[in-house]
Each structure stands twice: as structure tokens, then as C-alpha cells.
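Structure record follows, encoded as C-alpha cells.
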Amino acid sequence: MNTHDTHDRGRHVLGRRKFLSLAAASAGLVTIPLGRGALGQMKNEIVIGGTLSKSGRFQGITKPFGALAEAWAAQVNARGGIYLKDLGKALPIRVVIYDDQTSPPTALKFYERLAAVDKVDLFIGPFSSFLTNAALQASVTHNLPFFMVEASDSVLFETANRWRTTPLAPAQWEYKRHAEFYARKGGVKTFALLSRDNLHENQAMEGFGDWLKKAGFQIVYQNIVPKDIKDFSSVIFAIKQKNPDVVFIEALPPPMSIGFLKQARELGLNPKDMVVGHMPVPVIKAMGRSAENIVSSMYSFDGDTVDHKEYFALCKKAGFEPWQFSESGIRYVTYKRIEDALRRAGTLDPEAVRKAMWDTNLSMYGGELVVKHDQQGYGTLHPWPTQIKGGKHVSLWPLDKGVKVHEFKAGRW
Amino acid sequence: MDATILAQLIINGVLLGGVYALAACGLSLIFGVSGVLNLAHGEFLMVSGFLVYVLYETLAWNPFLLVAIVTPVFFLAGYLFEKGLIKPLAGRKEHVRLASAVLVTLGAALILEDAADFASQGTQYEKSVDLFLPTLVIGNVYLPRLKLVMFALVLALIVGLYLFLKRTFLGLAVQSVTQNRRGALLNGVNTERINAIAFGIGTVLAAVAGGFEVINSYVAPNIGLPLTLKYLCIIVMGGLGSFLGVALGAIIIGLGESFVGFYQPAWGQTVAFLLLVLVLLIRPRGLFGK
């Protein structure tokens, strides 16, 4: 064996390693001062990514939200895109949406993909706290701003995460305006409250109870039922025994509302008024004429402001009316938050966008809604009361108009 | 508790138990004849509910009529299910056959659930038919007419099944296979055919229950397995292979859910499992088990 050769080969290998190290270091030195800002100069679009439940149990509730996102992107781009001061130009937006199949692990998988493969500039959240809780992990892993949408469960805020905020107020605020409505309307004193055994629904019901008590109403029945309950007869008998003026049920997925209402109708539960927190089209359809005059809620209300017109036009473009998919109102507010945060940040630098997101102070709907975030990341949006009339949601807000429009259900099934 | 509420809870429990009994009888029949715990039983129920819903949306006919129309399809489905998936396991050793049957039926359950999920894409996940019959009120007691009609139909079906098993040659053959498979074989009974027929009849009972489910509440792709578990509770509690036991077990669980749900709704769904444990502690073979 020729030791000289071996020595030479060793030197040669070492030389190559040194060369590669130097090359890498040089590339790093050149890139670091340029930073994300310089990479941003090369960008020709703003990529916003998220998932929606195109299949699985939420599919019926989120069905047109992909089209809504496309309509929003088309509208922003038709106006010339979003102006970013640092770049000195406006960039168009592009929305990338995957199907999370209403499955938290699938949602997280796609948020990872959005960051790693699609190179999104920011995340827009999936439907529900349930899916958001899993998806949020990607914001921490990739240091990207996460604009949550239909998510406000307290569990999302138990762990500090500076990359996320929600437009929604805590779940306890969900029916604050309903308590205000009944206080103004008068004619009822006692309430029975029922919620599906899920964190969000339970907190919303507890919050409603608190608002009602503050407004001087009496809670005569309050209970939680299991998620997969199908027979409500016993609960209905228990409620009937308390003879409340108003019965309220809080369940995000339609089956509980459908099951409860059908059986309430059969078993002669005839309170003066019936409030169903979430009353999407399937519930209205399943109940037919019996859905008339049930009080519910929407994330929008009657009005003629610029935001009203824009929101209604986007829904129309996406092929639905706002009342058909109530949560589209939260989506719209989120789109406006994103536009507002990007304009104020003036850059795609994630840290700057993140700061702008937290500093939101966005007045909408003629000042009826001012979107801000508290120190935890909660927002200020909570629903407005509606009533089903002619198979559609009709807004009971503004209050002065709402109390005139509203009719007590008074046992008319 | 006043007498009206007591009466109301008892009536509700019995009516609820009646609907449970229907599908549970189907599962019990399949188990009694073939020795297979069909974990896809609840899925057949779910698919039947879906079919009734789709037909109702398309034709707008009376949903009870639609239930009657779809049931023969499910006899065929159950028959072919046995021929295609269960029969090939027959030649294996007993413990291997049982384990394989559990895996095969569980696999079929998951496939049916995913297929229903896929078929639901772009539409509402849960399906429900709006049918309301005015409630019968006697004094202060409410008797939901829809549930009464269902209960009457369930009773008619169970009585019909009983008469079929006791009075017809085919029914006696089914019973003989349940009691002693080898003995039946020695007496010339085509046990393979009886297995498939039992699967067909059991599946029809699940299909009828599915139709009632979509009329009374709703069906969704994921309701099958939890329902199968509840029916298993009922047939184990009643005693494997006993129709009377199944009927009694179903009524006990219905009453349990009714009373517990009145005081503590959160425990209403768990009561089936608690009652099962209680019955098995006192009578390990179930109420009417031999």
C-alpha cells in the first residue's frame, strides 16, 4: 500500500470539505444581510393557505367557504392587490385550500404542507376550535402568522402562542346580544338552557346563563347532554316540568338540534320562545314549517354599510346567501383582518405581519363591530340574533327593528 | 316524581326499547345461527337510513313506504354478505374463524362508513326526513304517534319473525341450526344456506331500524359502530340467542336511559353499559341465557 498516495487522497478530501464549508459560509454571509425582506422583493404574490372541511362531519357547514375565499381573492386582485410599502408595489393574493376531512391530524398535515411545500406567507384557520387546535402547531413550527376563524375555545389560549389570534370573542360572549334582545323585548322571565357536551357549547351556554342573570332573568333548568344523544324525551320531560318561557339549545353540529326539535314538537314542549344557537340550512330543512319563528343567530346583521354590501356581494359570487352559512360572516371579518394587517405591516416579513395582526383596531359595519385583540388573542366578534321566517334567517338587529320583527313562537310548531 | 312524569318516562323507555329490540333481534339471529358477531350490523342500518333519505328526497313518497321498498334489497345484501365474506371462513379452526369473522365484519363496517362518508361529500353529513304525526294526548301524558306507529311495526315484525321461526319449515330449520348445527346437518338441513338466510333476515331487521332512525332522528356515516355496541349490550344482557331476552334487555336499556336521562342527561348513554355489567354480575349468562 502506498502511504504517500493515501496521505495525498486524505488531503484532497479535506480540501474538498474545506471548499464546501467555505462555499456554504459564503452563501450564508451573502444571504443573511438580504434576509426575508430581500427574498420578499422577489415575490410576485401573497400566498395564503388553510384547510376547509370538504368532507367529514363539518362538510355541510363549510361547503361554500372555498368559493368564498376565491371570490375574496378575485375581488382583492381586481382592485390591484394589496399594497406592501416595503416592496413599493401591490401584490395579488392567491389562496391555497386543502380538505382536512374534519380530522385534526389531517388538518395539521396540510398546514405543514402549506408551509413546507406551498410556502404560504400566512395561515387562515380551518373551521372549528376542534381542528384549529391541531393546526395551530404548524404556526409555531414554521413561525407563521395564523389567522384563526371559527375558533375561540379557551383550550386554544391555554398555551401561549404569539402567532395566532381569533376574531371571535370568548365563547361566553356568544349570546350576549340575545340576552340584550330579550331584555328589550320583554314578556319572558324564565329560561331553560341545554348544551351538547363540548367545550365550546358548554362555555357558550354558561356565558348565556350569566348574561341572562345579569339582565334579571331566571334560569330554571340548565344541563349538558352527551354528544351522541339521539333520544331527548327524558330531557324534554324534565324541561316541561320546569315550565320555562324560553328554551335554548346550543349544539354546533345539526343532529342534536334536529333530534331535540323533532322530539320537542312530538312531546308538546311549547315554550313562549325557542332559541337554537346554530340553525344551519339542514336543521331548517329537517324541521320544515316547524322551524318558523325559532330564534337563532348569525355572524352578520341587517345594514347598508360598505362592509354589508361587500360581504353580501362576496356570498352571492360564491353562490349562496349569507343566512345559509352563518359562519361566512366570521370568514368575511377574517379576510378584512388579513387585508388590514398586511397593509399596515407593509411587508411579508412574518414578524411584522404578526405584530400588525395583534395590533388590529378595525372598525366594520359602520362601527357596530370594532375588531381588536386582548392580550390572549381573543377578538370582539360575537353573533347577532335572528329569527326563522319563511324558511330563512331574518336579522333581529339593530334592536329597535328586531323587537318589532320578532314574534314569539308560542307553541306554533 | 309525580305520576304523569312517571308514566311518561315508562312509556318513553318502552317505546325507545322497542326500536332497539328490532335491530338487536337481527344481530341476535345472525349470532345464534352462524356464531358470527356481525360488527357491520349498525352500518347496514345506517346505509338503509341513507337510502330512505335519498328516495324521500327524490320521490317525496311516504317514508314508511320507502322503508318497505328498500328492505328486500337488504335481504339480498345480507345474503350476499354472508356468501361472499363469511362463508369462506367456514373451513377454518373455530377460534381462527371467530377472530377472522370479527376482523372481516369490522373491516366491512369501516368500508361502509367511508363509502357513506364519500357519498355524502358536497351534501349535509347527517340525513333526516321531516315527518310529523300529531301527538296523542291522554290527560297530561303525551304519546308521540310517530313512535307509537314504529313500536307497532316493531311488534308486528318481531311477532312475524317468531311465527316464521316456529311455524314454517324454513324457520324450524333456522332454529335447528341455532340449537345444534351438526344435528341439523345430519338431518339434511342445508346449514350453509340457512346461515345466509339468517344474515339476510337479520340485515332486513337492521334496515327497517335504519329507516325508523332517519324518520325519528337522523343517520350519519359514523353512527353504525356505536349502535352495534349498544345492540351487543342488549343481546349479551338478554342472553345470547334468546329473542325474549333480547326484547327484555332492550326494554330495560330503554327504561334505564329514560329514567337516568331525566335526572342526569350526561349519564343517559352510559347506562346501557352499566346495566350490562350489573346484569352479568348477577347472572353471568344473561337474563335468558342457557
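Values in this document were obtained by computation on a predicted structure and should not be read as measured data.
- Considering only heavy-atom pairs separated by less than 4.5 Å from chain A, the leading option among B:Lys127, B:Glu213, B:Gln264 is B:Glu213.
- B:Ser28 places no side-chain N or O within donor-acceptor distance of the main-chain N or O of B:Ala24, the cut-off being under 3.5 Å.
- Taking 4.5 Å as the heavy-atom cut-off, the residues of residues 229-240 of chain A that approach chain B are A:Ile229, A:Lys230, A:Asp231, A:Ser233, A:Ser234, A:Val235, A:Phe237, A:Ala238, A:Lys240, ordered by number.
- The pair B:Arg145-A:Glu266 does not count as a salt bridge, with every side-chain nitrogen at least 4.0 angstrom from each carboxylate oxygen.
- Taking the six-membered ring for Trp and thresholds of 30 and 60 degrees, A:Phe320 and A:Phe325 have ring planes more than 60 degrees apart, a perpendicular arrangement.
- A:Phe191 is linked by a side chain to side chain contact (heavy atoms under 4.5 Å, CB included) to A:Tyr182, A:Val188, A:Leu193, A:Phe208, A:Leu212, A:Phe217, A:Ile219, A:Val246, counting only residues two or more places apart in sequence or in another chain.
- Interface check for chain B: of the options A:Ser290, A:Pro282, A:Gly259, the most heavy-atom pairs under 4.5 Å are formed by A:Pro282.
- Shown are A:Ile258, A:Ile388, A:Ile294; of these, the side chain to side chain contact (heavy atoms under 4.5 Å, CB included) with A:Ile284 is made only by A:Ile388.
- Each of B:Pro221, B:Ala266, B:Gly268 has some count of heavy-atom pairs under 4.5 Å with chain A, and the biggest count is that of B:Ala266.
- Heavy atoms closer than 4.5 Å to chain A are found in the backbone of B:Val129, but not in its side chain.
- Proximity to chain A is absent for every atom of B:Tyr56, based on heavy atoms less than 4.5 angstrom apart.
- Looking at B:Val214, the atoms closer than 4.5 Å to chain A (heavy atoms on both sides) all sit in the backbone: N, CA, C or O.
- Counting heavy-atom pairs under 4.5 Å between each of A:Pro253, A:Pro64, A:Ser55, A:Gly56 and chain B puts A:Gly56 at the top.
- In terms of heavy-atom pairs under 4.5 angstrom with chain A, the leader among B:Pro226, B:Pro134, B:Ser258 is B:Ser258.
- In this structure, A:Phe248 and A:Tyr175 have perpendicular ring planes: the angle between them is above 60°, well past the 30° mark.
- Heavy-atom distances place the side chain of A:Asn223, and not its backbone, under 4.5 Å from chain B.
- In this view, B:Leu143 and B:Ile11, B:Leu136, B:Ile138, B:Val141, B:Leu148 satisfy the side chain to side chain contact (heavy atoms under 4.5 Å, CB included) rule, not counting sequence neighbours.
- In the model, A:Asp100 has a side-chain atom that pairs as donor or acceptor with a side-chain atom of A:Ser53 under 3.5 Å.
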### Step-by-step salt bridge (charged side-chain N to carboxylate O under 4.0 Å, His left out) determination, A:Lys409 to A:Glu292
CA-CA 8 Å; A:Lys409 184 157 180 66; A:Glu292 284 300 288; over 6 Å; no
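- Applying the side-chain hydrogen bond (donor to acceptor under 3.5 Å, both in side chains) test to every pair with at least one member in residues 38-51 of chain B, sequence neighbours left out, gives no pairs at all.
- The environment of CG in B:Asn140 is sparse: at most 12 heavy-atom neighbours from other residues, nucleotides or ligands sit within 6.0 Å.
- For a residue to count as touching a neighbouring chain, one of its non-hydrogen atoms must lie under 4.5 Å from one of that chain's; by this rule B:Asn216 touches chain A with backbone and side chain alike.
- Looking at B:Glu57, the atoms closer than 4.5 Å to chain A (heavy atoms on both sides) all sit in the side chain, from C-beta outward.
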